[in-house]
Undergrad: 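Below is the structure I would like to discuss, written out as structure tokens.
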Amino acid sequence: MALSFGQFIKESFSPASYSDAGRLPFVDLAKGICIILVVIFHLDDTVVLPNMDALRMPLYFTLSGIFFKSYGSAKVFFLKKFNNILIPFVFWVSLPVLLLPVFGVDAGSDISSFADLSTALFHETSFPNSPVWFLLCLFFANLYFLALTIVLGDRYLIWGVLSFSLIGIACSLLDFNLPLWVDTAFTSLPFFYLGYLLKSSLDRNSALLPPVFKKFSRSSTPAIGPKTTPLSSSERSNRFWLFITGLGFIAASFLIYFYVEKSSFSMVSNYVGESPVISYVKSFLIVIGCLLACKAIVWLPLISFFGRYSIIVLCTHRLIISTIQHSLSSFLDLSYSSPLLYLPLLLLVCWLAIFLCRNFLPFFTAQKPLLPIPIT
């Protein structure tokens, strides 16, 4: 059933919509922060936000690991990943090739045919709507992790993750790229595994903390829907200490960034920094800190909404950026202004894209399954 625009506006600014969806609001908040950072980076990559390379993509892989499930069936698993990852990837990586002659979208990529697109994807060179590389990489990461859980089980899973991640690290250090971001999927597995470990702490009465921090974690934030009633003094205190703990993790990551090593991950090119161990530690700290802070805050209007539909923003924002720049350049000289000046316009159009994609492209944005999933 199509969603009216009035309902869409209400949903964007109200936490009540979570009560029927069974979602984790603070995870959507973390995804919202993550996707907005991605949008800013692609809008103007000359803007250097300190230590954000340690957060942006590692957080995305960690959040994906939180929701990993084998579904007890290889067939169901592959169908779900096909519907939710591969179909959006194929659709949104192909669409610009069709739009290129009409709108001039991503004209700088020199892609004019599907043969050119296939070559660019295989060799990981420039191609239209480049942010969707993450979907293909995420698909491989899910396959690796499924194989490790089947072969090793939870008891020995960490050794498999470490072994696989060493493959990705070796490819980076040897400057040897595997096609289709297969190497980046190896490198991302420690973050995926971190999310997998954290998901056991996401029940109704548990906070996202190891046992040593449990005295800070007695937050009564429900798993379904943010609290709309006033918080008690003890709940406010628990949220406060949870937030402070998160800031502590983030601060530790920034201390490493400023005083030990500034280089960090560039996942799209499978770069692990000058010191891979420091890069991972720095990312683990800021990712955990961000999740703790988000668990304390729970929900923010629009940002959480962007996180809930982050796959739509991921798939559309680069095309929107190109279209806005192409349109504005016809009557403005953009060389003298920062692209960040039209960030509000970009976010507004991304927000409208969520409405359009949910109503008209649900099968290509992981909102509805294109292939039916058998009931197990």
Side-chain angles (χ1 to χ4, degrees), residues 24 27-28 30-31 33-35 38 53-71 74 77-78 80-82 84-86 88-89 131-172 178 180-202 208 210 253 264-273 276-277 279-292 294 307 310-311 314 366:
L24 294 163
V27 171
D28 282 340
K31 288 165 64 178
I33 293 171
C34 191
I35 193 61
V38 170
D53 287 341
L55 174 66
R56 199 165 47 235
M57 300 318 296
L59 177 58
Y60 245 135
F61 284 110
T62 301
L63 293 170
S64 301
I66 287 176
F67 295 106
F68 174 83
K69 288 178 64 177
S70 65
Y71 301 103
F77 180 88
F78 281 105
K80 282 185 174 288
K81 300 310 170 188
F82 189 83
N84 296 335
I85 299 178
L86 281 188
F89 170 78
V132 299
W133 72 267
F134 170 75
L135 295 178
L136 187 58
C137 181
L138 181 62
F139 178 76
F140 288 123
N142 272 276
L143 293 187
Y144 299 163
F145 204 77
L146 176 67
L148 290 175
T149 56
I150 291 175
V151 174
L152 301 177
D154 285 349
R155 184 175 180 181
Y156 300 106
L157 184 57
I158 186 172
W159 301 113
V161 169
L162 290 174
S163 299
F164 272 33
S165 64
L166 286 175
I167 298 174
I169 293 170
C171 288
S172 175
L178 297 175
L180 302 173
W181 297 276
V182 167
D183 47 359
T184 301
F186 284 121
T187 305
S188 71
L189 280 185
F191 301 110
F192 203 94
Y193 181 59
L194 173 64
Y196 182 75
L197 291 177
L198 292 176
K199 75 174 182 177
S200 63
S201 67
L202 298 181
L208 192 61
S253 179
S264 189
F265 291 101
S266 175
M267 287 291 194
V268 67
S269 57
N270 192 40
Y271 176 67
V272 296
V277 174
S279 294
Y280 276 107
V281 171
K282 191 166 48 177
S283 287
F284 283 143
L285 288 171
I286 196 170
V287 165
I288 293 173
C290 180
L291 289 173
L292 290 174
C294 288
S310 61
I311 187 172
L314 176 73

Undergrad: How close do P88 and A366 get, counting heavy atoms only, and between which atoms?
TA: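 For P88 versus A366, the nearest heavy atoms are CG-N, 4.1 Å.
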Undergrad: Does the side chain to side chain contact (heavy atoms under 4.5 Å, CB included) test come out yes or no for L59 and K31, once each step is laid out?
TA: CA-CA 8 Å; L59 177 58; K31 288 165 64 178; over 6 Å; no
Undergrad: Any side-chain to backbone donor/acceptor pair from T62 onto L194? Under 3.5 Å, distance only.
TA: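 Not a single qualifying donor-acceptor pair exists.
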Undergrad: Return yes if some donor-acceptor pair links the side-chain N/O of K199 with the main-chain N/O of F68 below 3.5 Å, else return no.
TA: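 Yes, because the side chain of K199 sits within donor-acceptor range (under 3.5 Å) of the backbone of F68.
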Undergrad: Begin with the C-alpha distance, continue with both residues' side-chain angles, and end with the deciding distance and a verdict on side chain to side chain contact (heavy atoms under 4.5 Å, CB included) for M267 and C137.
TA: CA-CA 10 Å; M267 287 291 194; C137 181; over 6 Å; no
Undergrad: Ring-plane angle category for Y60 and F134, please: parallel below 30°, perpendicular beyond 60°, tilted otherwise.
TA: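 Plane angle between 30° and 60°, so tilted.
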Undergrad: Any side-chain heavy-atom pair from C171 and L178 closer than 4.5 angstrom?
TA: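 Yes, at least one pair of side-chain atoms sits under 4.5 Å.
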Undergrad: So which atom in A185 and which in S188 form the shortest heavy-atom distance, rounded to 0.1 Å?
TA: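 Heavy atoms of A185 and S188 come nearest at O-OG, 2.9 Å.
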Undergrad: Mind checking the OH-CD1 spacing from Y144 to I167? Nearest 0.5 Å is all I need.
TA: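 It is 8.0 Å, given to the nearest 0.5 Å.
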Undergrad: Kindly indicate whether the side chain of V161, heavy atoms from C-beta on, has any atom under 4.5 Å from the side chain of F145.
TA: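 Yes; the side chains approach each other to less than 4.5 Å.
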Undergrad: Quick one, K80 and Y71 - any side-chain contact, counting heavy atoms below 4.5 Å?
TA: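 Yes, at least one pair of side-chain atoms sits under 4.5 Å.
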Undergrad: Give a yes or no answer on whether the side chain of S165 reaches the backbone of T187 with a donor-acceptor pair at less than 3.5 Å.
TA: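 Such a contact is absent between S165 side chain and T187 backbone.
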Undergrad: I would like to know whether L189 and Y193 meet side chain to side chain contact (heavy atoms under 4.5 Å, CB included); could you show each step before the answer?
TA: CA-CA 6 Å; L189 280 185; Y193 181 59; 6.0 Å; no
Undergrad: Please tell me whether F186 and F140 form a close aromatic pair, meaning their ring centres lie under 6.0 Å apart.
TA: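 Judged by ring-centre distance (under 6.0 Å), F186 and F140 do not meet the cut-off.
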Undergrad: Quick one, V287 and L55 - any side-chain contact, counting heavy atoms below 4.5 Å?
TA: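 Counting from C-beta outward, V287 and L55 do come under 4.5 Å.
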Undergrad: L180 versus W133: any side-chain heavy-atom pair under 4.5 Å?
TA: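 Side chain of L180 against side chain of W133, heavy atoms only: no contact under 4.5 Å found.
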Undergrad: Once you round to the nearest 0.5 Å, how far does CG of L143 lie from CD1 of I85?
TA: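 Separation between the atoms: 8.5 Å.
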Undergrad: Starting at OG of S253, measure out to CG of L285 and round the result to the nearest 0.5 Å.
TA: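 Interatomic distance, S253 OG to L285 CG, rounded to 0.5 Å: 5.5 Å.
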Undergrad: Nearest 0.5 Å, what's the CG-SG distance between D28 and C294?
TA: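 Reported value, rounded in 0.5 Å steps: 10.5 Å.
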Undergrad: Quick check, are the ring centers of F192 and F61 under 6.0 angstrom apart?
TA: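 Ring centres of F61 and F192 not closer than 6.0 Å.
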Undergrad: Distance-only, no hydrogens or angles: does the S279 side chain make a donor-acceptor pair with backbone N or O of V272 under 3.5 Å?
TA: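 Pair found, side chain donor or acceptor close to backbone of V272.
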Undergrad: Can N270 and S172 be counted as having a side-chain donor-acceptor contact under 3.5 angstrom?
TA: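 Distance-only check fails for N270 and S172.
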Undergrad: CE/M57 to OG/S283 distance, rounded to the nearest 0.5 angstrom?
TA: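 Here the interatomic distance stands at 11.5 Å.
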Undergrad: Would you say the ring centroid of Y280 lies under 6.0 angstrom from that of F265?
TA: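 When the ring centroids of Y280 and F265 are compared, they turn out to be within the sub-6.0 Å range.
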Undergrad: Is there a side-chain contact between D53 and R56 (heavy atoms, below 4.5 Å)?
TA: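 D53 vs R56: side chains touch.
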Undergrad: Can you name the nearest heavy-atom pair linking W159 to S163, along with the distance?
TA: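 Of all heavy-atom pairs spanning W159 and S163, the closest is O-OG, 2.8 Å.
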Undergrad: Rounded to the nearest 0.5 Å, how far does CG of N84 lie from CG of L135?
TA: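 One finds 10.5 Å between CG of L135 and CG of N84.
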Undergrad: Any heavy-atom pair between the side chains of I158 and L162 that's under 4.5 Å?
TA: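 Answer yes - side chains close enough.
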Undergrad: Could you go through V27 and L291, starting from their C-alpha distance and side-chain angles, then the distance that decides it, and tell me whether this counts as side chain to side chain contact (heavy atoms under 4.5 Å, CB included)?
TA: CA-CA 7 Å; V27 171; L291 289 173; 5.6 Å; no
Undergrad: Is any side-chain heavy atom of F67 less than 4.5 Å from a side-chain heavy atom of L24?
TA: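 With C-beta onward as the side chain, the pair touches.
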Undergrad: Check whether the ring centres of F89 and F139 lie less than 6.0 Å apart, and answer yes or no.
TA: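 For F89 and F139, the ring centres are not under 6.0 Å apart.
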